[in-house]
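Start at 1 and go down the list; that is how both ligands and their atoms are numbered.
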Amino acid sequence: MKSAATTLPSNITRANGTLRHLLTLEDLPRATLESLLDDAERFVRPLSSPPARTNSLAGVTVANLFTEPSTRTRVSFELAARRLGADVVNLEVQLSSRTKGESMLDTIFTLQACHVDVFVIRDSEVGVLRLVANNVEPHVSVLSAGEAHLSHPTQGLLDMLTIRHHKPNFEKLGVAIVGDIRHSRVARSAWIALRTLGVTDIRIVAPAALMPDADQFSGCQRVESIEAGIAGVDVVMMLRIQKERMQSAAVPDAEDYFSEYGLSAARLACAKPDAIVMHPQPMNRGIEISSEVADGPQSVIREQVSNGVAVRMAVLETIVAGR
Ligand code: CP
């Protein structure tokens, strides 16, 4: 394990100073974040080549527990673990004994008794991941696959890896995060990671109703006009409207939203000519982004997905190597 990890806060480290859990990017030192990105580079392959494989997780069992829907995060954690040689269990929570009233912790203790070493958890409730991390055996790790509106650390890492491939000088970047910032764990993790890597020009662009409270996203410029918000930036990060976290009356009309905040090719021309366009997906085409832009030459949206597997391999390998 790299020496930088010895400066990590004790709630996510082992007694030997190595990274044990990854629940958030808050408090993760820059050296540790960069070290995870460097490790992930080893697993990046062009799609025309076979994927990277090692046996570094042989004998390790990883369990995926998702209580919210997922395509990319769940599949990429599973592929990452398998490509490192781990055994993988995917618990279909909706079909599990949770529906008979079994608690999350009893579910965890049951899987732990089956030799699960790493829990990958997505949960809609704030605090569940911390509860699990505080109650598992010392050799067991917990990785967040998304916690409510708060945190999506591996998405933040894969976003940084993707930006780094195109725009390596973070200190000089202008980044606009556009859309439903208020309900977005992706935006929160991106903001933390960008700040950690030295980005000073971070703009959050949203209608007033979708802006976060004033005490959040410190250091970001708040802009309500998308044209002004993306003017001259290097990176445009679009977000989905999180209908599942809104009262139905608050969900904006799709057509109105696209006309005010949708990223069309004409609007993208306000950013730098070589700006990259990102989106964590799932995308609502024609609501927050046009297909012309999503599938266009400035889009790195599919690269983000590929980098997600590499980042999750790096995170799994790092937390297991420190045991
Ligand atoms: N970006 C992301 O978290 O996608 P999924 O919800 O499909 O995992």
Asks: Quiz question: by atom type and distance under 3.5 Å, do the side chains of Arg14 and Thr18 form a donor-acceptor pair?
Replies: yes

Asks: Rounded to the nearest 0.5 Å, how far does CD1 of Ile202 lie from CG of Leu173?
Replies: 9.5 Å

Asks: Can you tell whether the side chains of Arg30 and Glu171 come within less than 4.0 Å, N to carboxylate O?
Replies: yes

Asks: Find all atoms of ligand 1 within a distance of less than 4.0 Å from any non-hydrogen atom belonging to Thr73, and give their numbers and elements.
Replies: 2 (C), 3 (O), 4 (O), 5 (P), 8 (O)

Asks: Do NZ/NE/NH1/NH2 and the carboxylate oxygens of Arg82 and Asp87 come within less than 4.0 Å?
Replies: no

Asks: Looking only at distances, please establish whether an N/O atom of ligand 1 is found under 3.5 Å from an N/O atom of Pro282.
Replies: no

Asks: So, Arg267 and Glu260, do they make that salt bridge, N to O below 4.0 Å?
Replies: no

Asks: Enumerate the atoms of ligand 1 whose separation from the nearest heavy atom of Pro280 is less than 4.0 angstrom.
Replies: 1 (N)

Asks: Write out the residue and atom name of the closest protein heavy atom to atom 4 (O) of ligand 1, then the distance separating them to 0.1 Å.
Replies: Arg72 NE, 3.1 Å

Asks: Ligand 1 and Thr71, any nitrogen or oxygen pair closer than 3.5 angstrom?
Replies: yes

Asks: How does Arg122 reach ligand 1, if at all, at less than 4.0 Å between non-hydrogen atoms: by side chain, backbone, both, or neither?
Replies: side chain

Asks: Is the contact between His152 and ligand 1 made by the side chain, the backbone, both, or neither, using heavy atoms and a 4.0 Å cut-off?
Replies: side chain

Asks: Ion pair present between Glu317 and Arg42, side-chain N to carboxylate O less than 4.0 angstrom?
Replies: yes

Asks: With atoms numbered from 1 as shown, which atoms in ligand 1 lie under 4.0 angstrom from a non-hydrogen atom of Gln281?
Replies: 1 (N), 2 (C), 4 (O)

